[in-house]
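This report concerns only the one structure given below.
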Amino acid sequence: VRGGTYNETVVIGKQLRLWGDSAATTVIRAATGSDGIQVTTSDTVEVRGVTVTGAGFHGISAVGDGTRGPVLVISQVVVDSSSRRGLNANRVTALTVTRSTFRNNGYEGVRVADRAAVASLTDVLVQGNGGNGIRLERGRAVLTRVTIGGTTVRSDGRTYDGSALVALDTSELRITESTFRADTASS
């Protein structure tokens, strides 16, 4: 995909490589009230070199069916200012995220739920989100050189520090060379 700003929601319903020139020049500005990129297939999908901004729901959303979900590979991606989650991966078969940033989203920066065989995040920045930095629910996860900071939770008209990492019913969690900060910077 050539550099430029694309005002649309991208729906991926088959095996596909969505490769932008770079996250600095290829921008997907999501339609109001929808995901920026929505993965609806159980095949392998690669997203690389794009920025997703302003989604009315999740920046990137991949939801598998009850038997098999997609294999999702995300690299060199920025997800910024989505109303809900930066990345919502639910019932995916496998998830690999490298050299990517999830910042200033309304809820968690990254949420992986319901049976991801392995979620691998390497060289990832999760910053300034309005919920927990990363939320892992069921499955296995490997975090390498992940930085999480500036998370806040809003409730009853008050703002609280959010958790950098929440792991629920996770069978294996390996964390190496990673940093969890309590700062509130959101750049």
Side-chain angles (χ1 to χ4, degrees), residues 1-65 69-92 94-114 116 119 121 123-137 146 148-154 162 185-187:
V1 178
R2 290 189 179 173
T5 299
Y6 300 87
N7 296 311
E8 61 185 293
T9 293
V10 177
V11 178
I12 301 173
K14 63 181 181 179
Q15 183 170 331
L16 183 74
R17 289 181 174 161
L18 176 64
W19 289 2
D21 281 344
S22 79
T25 62
T26 307
V27 177
I28 298 168
R29 188 172 314 279
T32 302
S34 64
D35 300 322
I37 297 174
Q38 186 178 74
V39 178
T40 61
T41 182
S42 59
D43 294 320
T44 299
V45 172
E46 296 180 35
V47 179
R48 181 175 82 183
V50 299
T51 291
V52 179
T53 187
F57 214 62
H58 306 304
I60 300 173
S61 181
V63 179
D65 62 24
V71 173
L72 186 59
V73 180
I74 298 172
S75 179
Q76 302 170 35
V77 167
V78 174
V79 179
D80 185 36
S81 301
S82 296
S83 293
R84 305 269 309 203
R85 297 178 175 101
L87 170 61
N88 184 58
N90 196 350
R91 295 188 302 270
V92 298
L95 172 67
T96 302
V97 181
T98 58
R99 299 187 315 257
S100 295
T101 299
F102 301 89
R103 64 180 180 222
N104 304 324
N105 297 291
Y107 289 19
E108 288 97 2
V110 175
R111 177 179 177 257
V112 182
D114 293 332
L121 285 74
D123 297 317
V124 172
L125 173 64
V126 180
Q127 183 71 37
N129 295 288
N132 301 306
I134 297 175
R135 183 179 177 99
L136 305 169
E137 301 174 26
V146 172
I148 305 171
T151 60
T152 57
V153 176
R154 292 167 192 84
S186 60
S187 59

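Hydrogens, waters and symmetry mates are skipped; everything else that's a heavy atom, side chains included, is used.
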Check your understanding: Looking at residues at least two apart in the chain, or sitting in another chain, which of them share a salt bridge (Lys or Arg N to Asp or Glu O under 4.0 Å) with Arg135?
Key -> Glu137

Point to revise | Sole candidate of Val45, Thr44, Thr96, Ile12 that passes side chain to side chain contact (heavy atoms under 4.5 Å, CB included) when paired with Leu72 | key: Val45

Point to revise | Distance in Å, Ile74 CD1 paired with Ile37 CD1, rounded so as to fall on 0.5 Å steps | key: 8.0 Å

Review point. Atom OG1 of Thr41 and atom NZ of Lys14: how far apart are they, to the nearest 0.5 Å?
Key: 10.0 Å

Revision key, fill the gap. Nearest heavy-atom contact between Gly36 and Ala30 is CA-CB, 3.5 Å

Point to revise | Trp19/Thr26 under side-chain contact (heavy atoms from CB on, under 4.5 Å): CA gap, chis, key distance, verdict | key: CA-CA 9 Å; Trp19 289 2; Thr26 307; over 6 Å; no

Review point. For the residue pair Pro70 and Arg91, what are the closest heavy atoms and their distance?
Key: CD-O, 4.3 Å

Exercise for review: Could you pull out the closest heavy-atom pair between Gln15 and Asp43, with the gap in Å?
Suggested key: N-OD2, 3.6 Å

Study note, to complete from the structure: Here the pair of heavy atoms bringing Phe57 nearest to Ser82 is O-CB, 3.5 Å

**Study point:** Gap separating the CZ atom of Arg48 from the OG1 atom of Thr98, nearest 0.5 angstrom
**Key:** 9.5 Å

Review point. Any side-chain donor paired with an acceptor under 3.5 Å for Asn105 and Arg85?
Key: no

**Study point:** Separation between CG of Leu121 and CG of Leu136, rounded to the nearest 0.5 Å
**Key:** 7.5 Å

Point to revise | side chain to side chain donor-acceptor pair (under 3.5 Å) partners for Asp21, two or more places apart | key: none

Review point. Judged by atom type as modelled, is there a donor-acceptor pair below 3.5 Å linking the side chain of Asn129 to the main-chain atoms of Phe102?
Key: yes

Exercise for review: Evaluate side-chain contact (heavy atoms from CB on, under 4.5 Å) for Val112 paired with Ile134, printing each intermediate quantity in order.
Suggested key: CA-CA 8 Å; Val112 182; Ile134 297 175; 5.9 Å; no

Point to revise | Reported CZ-to-CG distance for the pair Arg111 and Asn88, which is rounded to 0.5 angstrom | key: 5.5 Å

Practice item. Return yes if a side-chain donor-acceptor contact under 3.5 Å exists between Ser81 and Thr53, otherwise no. Key: no

Check your understanding: Could you walk me through whether Val11 and Thr40 pass the side-chain contact (heavy atoms from CB on, under 4.5 Å) check?
Key -> CA-CA 7 Å; Val11 178; Thr40 61; 4.2 Å; yes

Practice item. Calculate, to the nearest 0.5 Å, the distance between atoms CG and CD1 belonging to Leu18 and Ile28 respectively. Key: 5.5 Å

Exercise for review: Quick one: do Val50 and Tyr6 satisfy side-chain contact (heavy atoms from CB on, under 4.5 Å)? Show the steps, please.
Suggested key: CA-CA 11 Å; Val50 299; Tyr6 300 87; over 6 Å; no

Revision key, fill the gap. When every non-hydrogen atom of Asp114 is compared with those of Asn90, the smallest separation belongs to OD2-OD1, 3.2 Å

Study note, to complete from the structure: So the side-chain hydrogen bond (donor to acceptor under 3.5 Å, both in side chains) pairs with at least one residue in residues 27-36 (sequence neighbours excluded) are Thr9-Ser34, Asp35-Gln38

Study note, to complete from the structure: Between Val47 and Val77 the two heavy atoms that sit nearest each other are O-CG2, 3.6 Å

